[in-house]
Amino acid sequence: MGAARMSRTPLPGIGVRYDLTTRERRRLSVVAHRDGSRTLSAYRDDDPDACALSVRLTSWEAETLIDALAPTHRSPNLLSTTELGLVAERIELAATSHWNGRLLGDTRMRTETGVSIVAVLRLAEAIPSPGPDFRLAGGDTLIVIGTREGVDAAAAILGRE
């Protein structure tokens, strides 16, 4: 038996696909859709390209499954954005992005979409609350919070090449 392996594949306009190959060489995948839902798929032993099971989960069902797989004690002081009609997402800035090397303020993100960029992840560093004079770079991951529509609009703006 080998080691477990995980890979991540961006699916433009859809979300992100995570593929897990277990120690026992079983294949599972999760597609994290932009609307917060998830599709969990398991593949056959005899044909790893043939899907044996595929289940679409709402965001609440996915959170419930996550809690069952990795139970944690939740603090009542933590903000639960989904209950407030908000979503928090990571949006990766491509190296080919129009915004690569430009100032965050030039995107007019808050004005155009209403979302807040609460942090930028760059290499092994997290930059909390970047200001309008923050210079974006390809490979940055922006942590945004806002309405579903606002986050989708932000992803469209940041995806501009």
Side-chain angles (χ1 to χ4, degrees), residues 4-21 28-41 54-161:
R5 291 178 292 137
M6 176 73 96
S7 65
R8 177 183 187 271
T9 306
L11 302 173
I14 297 170
V16 178
R17 177 179 168 151
Y18 299 90
D19 290 297
L20 171 68
T21 303
L28 302 170
S29 73
V30 174
V31 175
H33 299 272
R34 296 182 58 76
D35 67 0
S37 66
R38 304 291 189 257
T39 301
L40 172 65
S41 300
S54 185
V55 179
R56 180 84 178 233
L57 303 169
T58 65
S59 58
W60 181 85
E61 292 166 336
E63 285 182 35
T64 301
L65 181 58
I66 290 166
D67 285 345
L69 292 170
T72 59
H73 297 285
R74 295 182 184 248
S75 167
N77 295 327
L78 292 177
L79 176 64
S80 177
T81 57
T82 54
E83 293 171 6
L84 300 173
L86 299 174
V87 294
E89 272 193 23
R90 296 171 179 235
I91 301 174
E92 189 169 336
L93 191 71
T96 58
S97 172
H98 169 79
W99 305 108
N100 186 4
R102 297 181 186 231
L103 298 178
L104 178 59
D106 292 345
T107 67
R108 298 182 40 84
M109 190 67 57
R110 190 178 196 77
T111 302
E112 298 294 325
T113 68
V115 304
S116 294
I117 298 171
V118 297
V120 174
L121 307 178
R122 180 176 287 165
L123 302 173
E125 181 182 11
I127 299 104
S129 303
D133 59 342
F134 179 82
R135 193 162 301 277
L136 296 166
D140 283 352
T141 299
L142 288 74
I143 309 299
V144 300
I145 188 168
T147 63
R148 170 82 267 147
E149 296 79 18
V151 170
D152 287 345
I157 289 170
L158 293 169
R160 179 177 164 201
E161 293 191 5

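Taking the side chain as every heavy atom from C-beta outward, Thr113 and Val144 never approach each other to under 4.5 Å. Here the side chains of Thr141 and Glu92 are in contact, with some heavy-atom distance below 4.5 Å. Between Leu104 and Val120, every side-chain heavy-atom pair lies at or beyond the 4.5 Å cut-off. Here the side chains of Leu121 and Arg90 are in contact, with some heavy-atom distance below 4.5 Å. Using a 4.5 Å cut-off on side-chain heavy atoms (C-beta onward), Ile91 and Ile117 make no contact. Using a 4.5 Å cut-off on side-chain heavy atoms (C-beta onward), Trp99 and Asp140 make no contact.
One distance of note links OG of Ser129 with CD1 of Ile127; it measures 11.0 Å at 0.5 Å rounding. Put simply, CZ on Arg5 and CG on Asp19 are 10.0 Å apart, with the number rounded to the nearest 0.5 Å. Taking CZ of Arg122 as the start and CG of Leu136 as the end, the distance is 7.5 Å to the nearest 0.5 Å. Taking OG of Ser7 as the reference point, atom CG of Leu20 lies at 9.0 Å (rounded to 0.5 Å). Once rounded to the nearest 0.5 Å, the distance linking CD of Glu89 with CG of Asp152 reads 7.0 Å.
Between the side chain of Asn100 and the backbone N or O of Ala95 there is at least one donor-acceptor pair closer than 3.5 Å. A donor-acceptor pair is defined here as one N or O able to donate and one able to accept, closer than 3.5 Å; no such pair exists between the side chain of Arg135 and the backbone of Asp133. Checking side-chain atoms of Thr39 against main-chain N and O of Ser54 turns up no donor-acceptor pair under 3.5 Å.
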Atom pairs and distances, side-chain donor-acceptor, residues 8-15, under 3.5 Å, sequence neighbours left out:
none

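For the pair Asp106 and Arg160, the salt-bridge criterion is not met [side-chain N within less than 4.0 Å of a carboxylate O]. Classification of Arg38 and Glu63 as a salt-bridged pair fails, no side-chain N sitting under 4.0 Å from a carboxylate O.
Counting heavy atoms of neighbouring residues, nucleotides and ligands inside a 6.0 Å radius, atom CZ of Arg56 exceeds 12 of them. Within 6.0 Å of atom CZ in Arg34, more than 12 heavy atoms from other residues, nucleotides or ligands are found, so the atom counts as buried in its surroundings.
Taking both residues in full, the closest heavy atoms of Arg110 and Ser116 are given as NH1-OG, 2.5 Å, listed atom of the first, atom of the second, then distance. Residue Leu158 comes nearest to Leu93 through the heavy atom pair O-CD1, 3.6 Å, listed as atom of the first residue, atom of the second, then distance.
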